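Since this is a predicted model, take the numbers as computed values, not measurements.
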Amino acid sequence: MNITVSAYKKRLQQLQPLIALFLLCLVIAIFSDRFLSMTNLWNVMRQISVNICISVGMTLVIISAGIDLSVGSILAFAGAVTASFLSMGAEIPVFGVYLSVTPVGAILMGILMGGALGWINGWVITYFRVQPFVATLAMLTIARGLTMLWTQGYPISSLGDDFAGLGTGWFLGVPIPVWIAAAVTALAVFVMKKTRFGRYIYAIGGNERAARLSGIKVNRVKTLVYVLSGMLAAVGGILVTSRLDSAQPNAGEGYELDAIAAVVIGGTSLSGGRGLIMGTVLGAVIIGVLNNGLVLLGVSPFWQQVVKGTVILVAVIIDRSQHKDKK
């Protein structure tokens with residue numbers, strides 16, 4: 001009997017995000033007839049795709065018992081780097097030969113920049129033993145400053161139709177950003193479930209000391225986790241830049257809040273060692289629907305921040321209470 005009750009409670013906990021999403025959609029649909037229109041739903045999916053890319057990287061970090069507050073600023077910097085190469089037709093010297101940067105090359109440069117900043121986060125955290133909160137908070141400011149320096153505080157626009165299609169185009173009747181978010185999700189699920197690297201992330205988040213004693217190269221794994229977080233934030237930045245056909249110096253402000261909210265709502269423990277990628281995706285959908293619903297209902301932007309903050313707080317309280325019950 002106890003086993004049955006325990007299994008029922010566990011199943012109910014897993015279904016909580018799905019139940020919350022259903023109720024949220026129901027309430028918004030009742031008060032706004034525009035919510036269920038296909039135009040609005042596809043628009044929501046485009047916006048959610050960016051948060052999914054960022055949140056997947058944040059999930060890896062949080063499962064490893066870390067945090068990354070710099071993803072919003074890295075998003076902006078990667079977008080600015082990509083846009084600058086596209087707008088100026090920049091050339092890079094390679095062994096004395098100047099090679100023109102193609103759109104694909106510009107995108108790769110942006111992703112590499114995101115990975116480089118993520119590597120700095122991981123290196124500072126592992127080599128200097130700085131708390132992830134402090135290290136990534138510092139990077140939040142550094143990356144935002146680099147973005148301002150790179151752009152001189154001005155937007156970089158007119159990036160070309162080919163690049164704009166990445167954020168606004170369609171493929172097989174589905175927006176391209178949705179396909180990209182799906183690919184990122186599928187790859188992350190595979191890594192976390194089927195690879196040794198994924199198991200190492202869970203082990204480090206569950207008990208870092210035990211992971212070290214078992215022979216896991218903890219510093220290397222943790223650094224790579226932050227590199228991946230930076231690269232996925234850069235992917236999100238490229239999608240935002242493409243959709244707007246412009247790199248905005250203040251892009252990505254507050255995105256770290258939405259990413260953390262998606263991860264926590266999706267059931268990943270802030271203590272590390274526990275969480276699912278698909279739960280995060282569901283959490284990102286909830287945040288996206290909530291944002292869209294508040295706009296459709298004409299809620300003040302100031303109250304929107306209050307509501308989102310409250311949702312995060314409630315999710316953390318539920319997570320802590322469930323964690324305490326398991327202990």
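Note on I201: it does not cluster hydrophobically with L213, by side-chain heavy-atom contacts below 4.5 Å among ILVMFWY residues.
Around the CZ atom of F133, the shell of radius 6.0 Å holds no more than 12 heavy atoms that belong to other residues, nucleotides or ligands.
For residues 304-315, the set of pairs meeting the side-chain hydrogen bond (donor to acceptor under 3.5 Å, both in side chains) definition, not counting sequence neighbours, comprises D258-K308. Sequence neighbours left out, the pairs with a member in residues 275-285 that pass side-chain hydrogen bond (donor to acceptor under 3.5 Å, both in side chains) are T59-T280. Within the structure, every pair that satisfies the side-chain hydrogen bond (donor to acceptor under 3.5 Å, both in side chains) test and touches residues 26-46, not counting sequence neighbours, is listed here: N40-N292. Evaluation of the salt bridge (charged side-chain N to carboxylate O under 4.0 Å, His left out) test over residues 199-213, restricted to residues two or more places apart or in two chains, returns E208-R212, E208-K222. Residue pairs that meet the salt bridge (charged side-chain N to carboxylate O under 4.0 Å, His left out) test with at least one member in residues 177-196, sequence neighbours left out, do not exist here. Residue pairs meeting the side-chain hydrogen bond (donor to acceptor under 3.5 Å, both in side chains) criterion with at least one partner in residues 163-192, sequence neighbours excluded, are absent.
Residues F77 and L149 form no side-chain contact, since every pair of their non-hydrogen atoms from C-beta on lies 4.5 Å or further apart. Within the 4.5 Å cutoff, no side-chain heavy atoms of N291 are placed close to those of Q47. At a threshold of 4.5 Å between non-hydrogen side-chain atoms, the residues I260 and L69 count as touching. The shortest side-chain heavy-atom distance between M192 and I63 falls under the 4.5 Å cut-off. Side-chain contact between T147 and S73 is absent, with no heavy-atom pair separated by less than 4.5 Å. I156 places none of its side-chain heavy atoms less than 4.5 Å from the side chain of T241. With a 4.5 Å cut-off on side-chain heavy atoms, L24 and I286 count as touching. Within the 4.5 Å cutoff, no side-chain heavy atoms of V281 are placed close to those of L276.
For the side chain to side chain contact (heavy atoms under 4.5 Å, CB included) test, residues two or more places apart in sequence or in another chain that qualify with F128 are W123, V130. With sequence neighbours excluded, the residues satisfying side-chain hydrogen bond (donor to acceptor under 3.5 Å, both in side chains) with N121 are S70. Legend: residues meeting side chain to side chain contact (heavy atoms under 4.5 Å, CB included) with V178, ordered by chain and number and at least two apart, are M45, S49, V174, P175. Residues meeting the ring-ring contact (aromatic ring centres under 6.0 Å, His included) test with Y226, sequence neighbours left out: none. For the side chain to side chain contact (heavy atoms under 4.5 Å, CB included) test, residues two or more places apart in sequence or in another chain that qualify with T82 are L86, A106, I107, F163, I238. Judged as a side chain to side chain contact (heavy atoms under 4.5 Å, CB included), and not counting sequence neighbours, the contacts of I216 are Y200, A203, I204, A211, S214, V218, V221.
Taking each heavy atom of Y255 and I54 in turn, the nearest pair found is CD2-CD1, 3.6 Å. The minimum heavy-atom distance between M231 and G115, with the atom names listed, is CG-CA, 3.4 Å. For the pair S84 and W150, the tightest heavy-atom approach, listed with the atom from each and the gap, is OG-NE1, 2.8 Å. For the pair I176 and G165, the tightest heavy-atom approach, listed with the atom from each and the gap, is CD1-O, 3.4 Å. Here the closest non-hydrogen pair linking G167 and S242 is N-OG, 2.7 Å. Across all their heavy atoms, M148 and P249 have their closest contact at SD-CB, 3.6 Å.
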Apply side-chain contact (heavy atoms from CB on, under 4.5 Å) to residues L140 and T136 and explain how you reach the verdict. CA-CA 6 Å; L140 179 153; T136 59; over 6 Å; no

For side-chain contact (heavy atoms from CB on, under 4.5 Å), just list the numbers for V264 and L270, CA-CA rounded to whole Å, side-chain angles, deciding distance to a tenth of an Å, and then say yes or no. CA-CA 7 Å; V264 175; L270 288 173; 3.8 Å; yes

With side-chain contact (heavy atoms from CB on, under 4.5 Å) as the test, would you mind laying out the steps for L117 and I120 before giving the verdict? CA-CA 5 Å; L117 295 182; I120 294 173; 4.3 Å; yes

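Only one option out of V285, I30, V289 pairs with C25 in a side chain to side chain contact (heavy atoms under 4.5 Å, CB included); it is V289. A side chain to side chain contact (heavy atoms under 4.5 Å, CB included) with V235 holds for exactly one of L75, V240, I180; it is I180.
K217 NZ to T126 OG1: the interatomic distance, rounded to the nearest 0.5 Å, is 13.5 Å. Distance check, rounded to the nearest 0.5 Å: CG of L26 to CZ of F35 gives 10.0 Å. Distance check: S55 OG to I62 CD1 gives 9.0 Å after rounding to the nearest 0.5 Å. Rounded to the nearest 0.5 Å, atoms CG (L228) and CG (L224) are 4.5 Å apart. Taking CG of D68 as the reference point, atom CG of L60 lies at 11.0 Å (rounded to 0.5 Å). Considering CG of N51 and CG of L257, their distance stands at 9.5 Å, rounded to 0.5 Å.
In this structure, the side chain of T223 engages the main chain of N219 through a donor-acceptor pair within 3.5 Å. Side chain of T268 to backbone of G275: no donor-acceptor contact under 3.5 angstrom is found. Although no hydrogens or angles enter the test, the distance criterion places no donor-acceptor pair under 3.5 Å between the side chain of S246 and the main chain of Q248.
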